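Values in this document were obtained by computation on a predicted structure and should not be read as measured data. Convention: sequence-line order gives letters A, B, ...; per-chain numbering from 1.
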2 protein chains.
Amino acid sequence: MEPIRKRTYSRVTREATELLGKLIRLGRKERKMTENELAGRAGISRATLQKIEHGDLKCEIGLFFELAALVGVKLFGTDDPSSTVSMHLGRIDDKLALLPQSVRTSVKVDDDF
Amino acid sequence: MEPIRKRTYSRVTREATELLGKLIRLGRKERKMTENELAGRAGISRATLQKIEHGDLKCEIGLFFELAALVGVKLFGTDDPSSTVSMHLGRIDDKLALLPQSVRTSVKVDDDF
DNA sequence: GCTTTGTGACTATTATAATAATCAAAAGGT
DNA sequence: ACCTTTTGATTATTATAATAGTCACAAAGC
C-alpha cells in the first residue's frame with residue numbers, strides 16, 4: 001500500500017537526523033552493545049532501534065534522545081547535558097516572558113514534573 | 001481511555017525535548033509568525049505544532065528538526081548546519097568503518113544515570 | 001466598550017509508527 | 001572449516017500520532 005500522505009523534509013533535516021542516528025550507532029558500538037541489548041535497555045524493539053540508527057525521520061524524538069543518552073551522545077554539545085539543558089531552559093523562559101505575545105499562562109501550576 | 005503502553009523517559013530526554021520545543025516557539029515569535037502560519041509552512045496541523053512547542057516526546061523527530069530549521073534554530077550549534085553536518089557525517093562513517101561490528105563477550109556496560 | 005486574532009484544550013477519525021515474528025546473510029570465535 | 005551471534009530486511013497486526021474540527025478564553029487593535 002502506498003502511503004497516502006507524503007511529507008517532504010529539507011536536506012538539513014534529513015542530514016541532521018541521519019547524523020544523530022549514526023552517532024547513536026557509533027556510541028552503541030563503542031560501548032560494545034548489540035542491537036538487542038540497547039533496544040532492551042531502552043524498552044523498544046530491535047526493528048525500531050534499526051530505524052532510528054538509520055535516521056528514520058518518522059520515529060519519536062523521545063526515542064532518539066533516550067537512546068542518545070543511553071550511549072553517551074551529547075545532545076547539546078556539552079559534557080553534562082542535564083545541567084546545561086536546565087540552564088538553557090531558564091534562559092529561554094526568560095526570553096519568552098519578555099516577548100509581547102508570550103503567553104506564560106499566568107498562574108498555571110505545573111502538572112508535569 | 002488509559003494508554004495501554006506507557007513508556008518512561010529520562011529527565012535529560014524530557015528536558016532536552018522541552019528545550020527544543022521552546023527554542024522553536026521562541027524562534028517563531030521572534031519572526032512574528034502565528035501558530036497557523038508556521039504550521040502551514042511546515043505542512044502540519046496547528047495541534048501538532050502546539051504539541052511540538054510543548055516538547056511532546058512522541059512527535060516525529062523530522063517535524064521537530066524541520067520546524068527548527070524553518071525558524072532558524074541551529075541544531076548542532078553552528079551557523080551553517082548543513083555543511084557542518086555533512087562534515088560530521090563523513091567523520092562518523094569513517095569511525096564506524098573502523099569499528100568491529102560487535103564484541104561477543106557481552107561486558108556489562110555501566111549506566112550513566 | 002466591541003471585534004479580531006492568537007492561543008489552550010479538548011474531541012473523533014484516519015493514517016501510520018511500533019511491534020513481534022521471521023528469514024537470510026554476514027561477522028566473530030573456536 | 002564449523003557454529004554462534006549479530007545484523008538487514010520484510011511481513012501482519014496493534015497501538016497511537018496526526019489530523020480536522022470545535023469551543024472558550026486571552027490579548028491586541030479598533
- Query: Which is true for A/Q50 with a 4.0 Å heavy-atom rule: it touches a base, it touches only sugar-phosphate, or it touches nothing?
  - Reply: base

- Task: Look at all strands and tell whether A/G43 reaches a base, only sugar-phosphate, or nothing, counting heavy atoms closer than 4.0 Å.
- Result: sugar-phosphate

Quick one: is [N] close enough that its OP1 or OP2 comes under 4.0 Å of any side-chain N or O from [X]?
{"X": "B/K51", "N": "C/dT7", "answer": "no"}
{"X": "A/R7", "N": "D/dT19", "answer": "yes"}
{"X": "A/R25", "N": "D/dT6", "answer": "no"}
{"X": "B/R28", "N": "C/dT7", "answer": "yes"}
{"X": "B/T48", "N": "D/dT19", "answer": "yes"}

- Message: Over the length of the helix from C/dG1-D/dC30 to C/dT30-D/dA1, how much do the five-pair end axes diverge, rounded to 10 degrees?
- Response: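 Taking five pairs per end, the axes differ by 60°.
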
- Query: Would one find more than 12 heavy atoms of other residues, nucleotides or ligands at under 6.0 Å from atom CZ of A/R7?
  - Reply: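 Buried by this count: over 12 neighbours within 6.0 Å.
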
- If you count the non-hydrogen atoms of other residues, nucleotides and ligands that lie under 6.0 Å from CZ in A/R91, is the total more than 12? no

- Using side chain to side chain contact (heavy atoms under 4.5 Å, CB included) as the criterion, list what pairs up with B/I61, not counting sequence neighbours.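 Side chain to side chain contact (heavy atoms under 4.5 Å, CB included) list for B/I61, sorted by chain: A/T17, A/L20, A/I61, A/F64, B/F65.
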
- Query: Taking only residues two or more places apart in sequence or in another chain, which ones pass side chain to side chain contact (heavy atoms under 4.5 Å, CB included) with B/E66?
  - Reply: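 Only A/Y9, A/S10, A/T13 meet the side chain to side chain contact (heavy atoms under 4.5 Å, CB included) criterion with B/E66.
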
- Message: Go nucleotide by nucleotide along DNA chain D from the 5' end; which of B/E60 and A/N36 gets its closest nucleotide reached first?
- Response: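 Whichever sits nearer the 5' end wins; that is A/N36.
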
- Quick one: on DNA chain D, does B/S45 or A/H54 contact a more 5' nucleotide (nearest heavy atom)?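 Nearest-nucleotide comparison on DNA chain D picks A/H54.
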
- Task: Round to the nearest Å and state the distance from B/E66 atom CD to D/dA18 atom P.
- Result: 14 Å

- Message: Are B/K51 and B/R46 packed together at the side-chain level, in the sense that at least one heavy-atom pair is separated by less than 4.5 angstrom?
- Response: no

- Task: On DNA chain C, check which nucleotide each of B/E37 and A/D56 is closest to and give me the residue with the more 5' one.
- Result: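 In this pair, the answer is B/E37.
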
